[in-house]
Each structure stands twice: as structure tokens, then as C-alpha cells.
J.: 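Below you'll find the structure I mean.
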Amino acid sequence: MTTHRVTLIPGDGVGPELTEATRRVLEAAIATSGGSFDWDVQEAGVDVMEKAGTPLPPETIESIRRNKVAIKGPITTPIGTGFRSVNVALRFELELYACLRPCKTYPGVRSRFDDVDVVIVRENTEDLYAGIEFETGTPDNKKLVNYLNTEFPQNKKIREDSGISIKPISRFGSERIIRFAFDYAKANNRKRVHCITKSNIMKFTDGLFLATFRDVAKEYPDIEPWENLVDAACMGLVQRPEEWDVLVLPNLYGDILSDLTAGMVGGLGVAPGGNYGTDAAVFEATHGSAPKYKGQNKVNPTAMILSGMLMLRHLGEDAAADKLEQAVASVLGEGKSTTYDMKPSRDDPSAVGTSQYADAIIEKLEA
């Protein structure tokens, strides 16, 4: 019997409720293959901020480094003020360079589409999300504006009241995320990999990403390489979703298109996510912490449960992962024991709570 030591981060807001439902479901799923989990529970988020002085205590990061695998509940990120995103901090601290976001339609989930099965592979550490910004009016901003206007007079003059953000994209970072996408496609019998850029305009950043894609694609002759501009990709996804397969994108486009494709399959409530690095992987629901619903046993845990399914595959527990996905699909398809957001009306009295939805999935797994 295999026991997997995994860091478990409950999160804040509705995170602890979703995490508890997911924990119970994952234990039932892996038991079908004779395995088990040894959970290393760690804290992160606003609830630990006052006690630890940080939303991401060092012991939490060390736990993930030690165990190499973690699953976490949603964590609040203040908008405009407060601490930096814990999710972003984890990606940089652990060099989790690849964000995997499968988006797939399941019968029973309300959607305008019925034939979506795409995978977003997003670069996690470069691009505009590197956070290299210069606030308007600051000394550094003024120096940079003056330098650019003086040293590059052939460019259009930059206004003195401009905020400036720098977009770094390296060949190294591009190659490892593109190779990750092709390796994923090969391992999962996918037919093509789409490279999504705006390389017709940003020729030295997105252009580098595209050139690297062309080089790497030559090593995978059995997988069809497609090249798409990001604006055309948005239109194509909603017009012909059946044509799209694995999409590899720089950080910003990956963030945007992962939410677009999640919307195509029913929303963030059913969209799982995993962040992968060379030495660690962290799995998480892709939605927020919804603090207004805290303690109400109301929020849909599907996204986190399916993130657990991705974790099972990462751990080599493919049989358990398959059974879990089948159980989730069965409960969603029946439409009886589902949360309020899965019902035709949000006031539907037949809606069940977070815990009861998990019970229904466990019942399928144990049948």
C-alpha cells in the first residue's frame, strides 16, 4: 500500500470547507487503489496574517519543499492594497513555472457549449506578471522616461506622466514551458499544441516565444503545431471550440484565456488547476475565497476536487484519478446532489451543501 505525504493548506474564506470536502473525497478515491494520504496541514492566508505576521509563513513553504506536493484551498488576495498574492508568491518561491488549466464540459453543468476539451498551459514566472513596474512621478520613473526618450529618439516620445511596466520573456523560460506543453500533449494523446502570442506587434518578446515554439515543435513530429494570435484565438475558441486542444501561452494571455475557457465550460467553479515546477507541484481551485459565504456549507467544491484529480495523476495514481473523475461526472450528470450554482435556479430547494455534494461523490466511489 502506497502512502503519499502531501502538504494540505486549508486557505481562508470558504477554503477550509472546500478543503475538508476535497480531503474526504481524495481519501475515498485513493482507497479504491489501495493507497492513502499522510496530510501535512499548514497555514496560509488572511487568517494566519495576524499571528505569523505574513500570509505565507516560512514553515508552509518548507513543508511544500519537503513533501514536493501540495493542495491548497482558496486564499484571499486584497485588490489594490494589502499583502501580495499568496498564489503568486508560491509560484516564485518554488519556481512553479507551469500552470495547467484543463477546461472540459461535463453533462449536467450549465454552459452555452457542449464540445469543449481544451488545456491551457500558462507560463507562470515571466511576462508582465514579473511585476517590474515604475510608478508615474517617482524618481525611477522619471529617470527611465528620460533615458528612453533620450537614447531612443526614433521611438514615439513617452509622456512624462506615464506609468511603465516591463515585459521580460526569455528563451529559457519560453523553452521550458513550451516543452512542458508538448510533453503533456504526448503523454495524454493530444493531437496539437497551439502557440498563442501577439508576435505581429511585440516582435522581440512574443516573437521570441514564437521562435522558440517553432524550434521545440520540430522535436515532436507526431504533434501538430499551430500558431495563433491571442485576439484571433479568443474568437476562434468561442466559434469553433472543437478545433482547439493544448494551448501554450505567455503569462498574461494564459491568465486571460484560462478564465475565458473556464467560462465556456460552466465557470471557475468547475475549473481545476495545477502549478508545476522542477521540484514541486501545488494544486488549487482556480476561483477566489468568497469570504461572504464562509461557514455556510454552500460553495461548490468541484474545482478543488478536480484539482485533486490532477494531483492524483501527478502522483502516478491514474486509476484513482479516473475513478474520481467518473464519480464527479456521474453526480453532475444526475443533477440531484449538486450545489445551488449547478441548479437551473439559485433558489432551487433541491440544492445540497458543500459537504453533502462530497458525500454523493464518495458514495459513487464506494459503490
Side-chain angles (χ1 to χ4, degrees), residues 97-105 111-130 165 167-268 270-276 286:
Y97 66 88
C99 179
L100 185 72
R101 294 274 297 268
C103 291
K104 179 179 178 181
T105 47
S111 171
R112 295 180 182 274
F113 302 88
D114 58 9
D115 191 20
V116 179
D117 185 7
V118 300
V119 179
I120 300 291
V121 178
R122 167 190 173 188
E123 200 287 320
N124 246 353
T125 64
E126 297 191 323
D127 198 10
L128 291 169
Y129 277 40
S165 185
K167 174 187 171 104
I169 289 185
S170 69
R171 184 173 293 277
F172 170 81
S174 299
E175 181 174 346
R176 68 178 178 178
I177 192 64
I178 291 165
R179 197 173 297 283
F180 181 97
F182 274 100
D183 286 341
Y184 178 90
K186 184 176 181 180
N188 291 275
N189 299 313
R190 311 294 292 214
K191 295 180 180 179
R192 64 181 67 95
V193 173
H194 304 253
C195 180
I196 311 298
T197 67
K198 193 63 178 173
S199 53
N200 60 330
I201 303 299
M202 286 168 279
K203 300 181 185 297
F204 302 126
T205 49
D206 287 22
L208 175 61
F209 193 90
L210 176 59
T212 306
F213 175 81
R214 289 171 176 170
D215 290 341
V216 173
K218 296 173 185 176
E219 302 175 27
Y220 299 84
D222 295 332
I223 300 172
E224 186 178 3
W226 281 28
E227 301 173 8
N228 307 92
L229 296 176
V230 63
D231 44 352
C234 290
M235 180 176 66
L237 279 162
V238 298
Q239 284 187 316
R240 301 176 301 280
E242 70 281 358
E243 291 185 358
W244 298 79
D245 203 335
V246 177
L247 286 66
V248 62
L249 314 90
N251 206 336
L252 176 61
Y253 308 146
D255 189 13
I256 296 169
L257 264 68
S258 59
D259 277 17
L260 169 67
T261 51
M264 293 170 64
V265 300
L268 294 176
V270 294
N275 297 281
Y276 301 76
T286 58

J.: Ignoring hydrogens and angles, tell me if any N or O in the side chain of Asp115 forms a donor-acceptor pair with the backbone of Glu242 under 3.5 Å.
T.: no

J.: Search all heavy atoms of Pro102 against all heavy atoms of Pro272 and return the closest pair with its distance.
T.: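 The answer is O-CD, 3.6 Å.
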
J.: Can you spot which of Thr197, Asp206, Asp127 makes a side chain to side chain donor-acceptor pair (under 3.5 Å) with Tyr253?
T.: Asp206

J.: Hey, what do you get for CZ (Arg176) to OG1 (Thr125), rounding to the nearest 0.5 Å?
T.: 4.5 Å

J.: Closer than 3.5 angstrom, by distance alone: can the side chain of Asp245 be matched with the main-chain N or O of Lys191 as a donor-acceptor pair?
T.: yes

J.: Take Phe180 and Val248, measure what side-chain contact (heavy atoms from CB on, under 4.5 Å) needs, and give me the verdict at the end.
T.: CA-CA 9 Å; Phe180 181 97; Val248 62; over 6 Å; no

J.: First locate atom CD1 of Ile177, then atom CD of Glu126, and finally report the distance between them rounded to the nearest 0.5 Å.
T.: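 Taking CD1 in Ile177 and CD in Glu126, the distance rounds to 10.0 Å.
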
J.: If the threshold is 4.0 Å, N to carboxylate O, is there a salt bridge linking Asp255 and Arg101?
T.: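 Salt bridge absent between Asp255 and Arg101.
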
J.: Is there a side-chain contact between Val238 and Phe113, using heavy atoms and a 4.5 Å cut-off?
T.: yes

J.: So, Arg122 side chain and Asn251 main chain: donor-acceptor pair closer than 3.5 Å or not?
T.: yes

J.: Where do Pro250 and Ile169 come nearest, in terms of heavy atoms and distance?
T.: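 Heavy atoms only, the tightest pair is CB-CD1, 4.1 Å.
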
J.: Hey, are Asp183 and Tyr220 close enough side-chain-wise for a donor-acceptor pair under 3.5 Å?
T.: yes

J.: Has the side chain of Thr261 got a donor or acceptor atom that lies under 3.5 Å from a matching backbone atom of Cys103?
T.: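 Not a single qualifying donor-acceptor pair exists.
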
J.: With distance as the sole test, does Trp244 use its side chain to make a donor-acceptor pair with the main-chain N or O of Gly236 at under 3.5 Å?
T.: yes

J.: Would you mind reporting whether Phe182 and Glu219 have side-chain heavy atoms less than 4.5 Å apart?
T.: no

J.: Can you name the closest pair of heavy atoms from Pro241 and Val118 and give their distance?
T.: O-CG1, 4.3 Å

J.: For residues Asp117 and Arg190, determine if any side-chain heavy atom of one lies less than 4.5 Å from a side-chain heavy atom of the other.
T.: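 Asp117 vs Arg190: side chains touch.
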
J.: Check Leu257 against Ala233 and note the closest heavy-atom contact, atom names and distance.
T.: CD2-CB, 4.3 Å

J.: Going from CD1 on Ile256 to CD1 on Ile120, what distance comes out if it is rounded to the nearest 0.5 angstrom?
T.: 11.5 Å

J.: Does any part of the side chain of Cys99, heavy atoms only, come nearer than 4.5 Å to the side chain of Asn275, both counted from C-beta?
T.: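 A side-chain contact exists here, since the closest heavy-atom pair is under 4.5 Å.
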
J.: Show your reasoning for whether side-chain contact (heavy atoms from CB on, under 4.5 Å) applies to Asp114 and Thr105.
T.: CA-CA 6 Å; Asp114 58 9; Thr105 47; 5.5 Å; no

J.: Going from NZ on Lys198 to CG on Asp231, what distance comes out if it is rounded to the nearest 0.5 angstrom?
T.: 3.5 Å

J.: Minimum heavy-atom separation for Ala262 to Leu268, with atom names?
T.: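 Looking at all heavy atoms of both residues, the closest pair is CB-CD2, 3.8 Å.
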
J.: Might you work through the side-chain contact (heavy atoms from CB on, under 4.5 Å) test for Leu260 and Cys234, ending with a clear yes or no?
T.: CA-CA 8 Å; Leu260 169 67; Cys234 290; 4.1 Å; yes

J.: Using a 4.5 Å cut-off on heavy atoms from C-beta on, say whether the side chain of Lys203 contacts that of Ile201.
T.: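 In short, these two side chains do not touch, never coming nearer than 4.5 Å.
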
J.: Answer yes or no: does atom CZ of Arg240 have more than 12 heavy-atom neighbours from other residues, nucleotides or ligands under 6.0 Å?
T.: yes

J.: Within the distance-only criterion (no hydrogens, no angle test), does the side chain of Glu227 pair as donor or acceptor with the backbone N or O of Leu210 below 3.5 angstrom?
T.: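 Pair absent, no side-chain N/O of Glu227 close to backbone of Leu210.
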
J.: Between Asp215 and Arg179, is the salt bridge (charged side-chain N to carboxylate O under 4.0 Å, His left out) condition met? List the steps.
T.: CA-CA 10 Å; Asp215 290 341; Arg179 197 173 297 283; over 6 Å; no

J.: Show your working on side-chain contact (heavy atoms from CB on, under 4.5 Å) between Phe209 and Leu249 and close with a plain yes or no.
T.: CA-CA 9 Å; Phe209 193 90; Leu249 314 90; 5.7 Å; no

J.: Does any part of the side chain of Val121, heavy atoms only, come nearer than 4.5 Å to the side chain of Leu100, both counted from C-beta?
T.: yes

J.: List the atom of Arg192, the atom of His194, and the distance in Å for their closest heavy-atom pair.
T.: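 Minimum heavy-atom contact is CD-NE2, 3.2 Å.
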
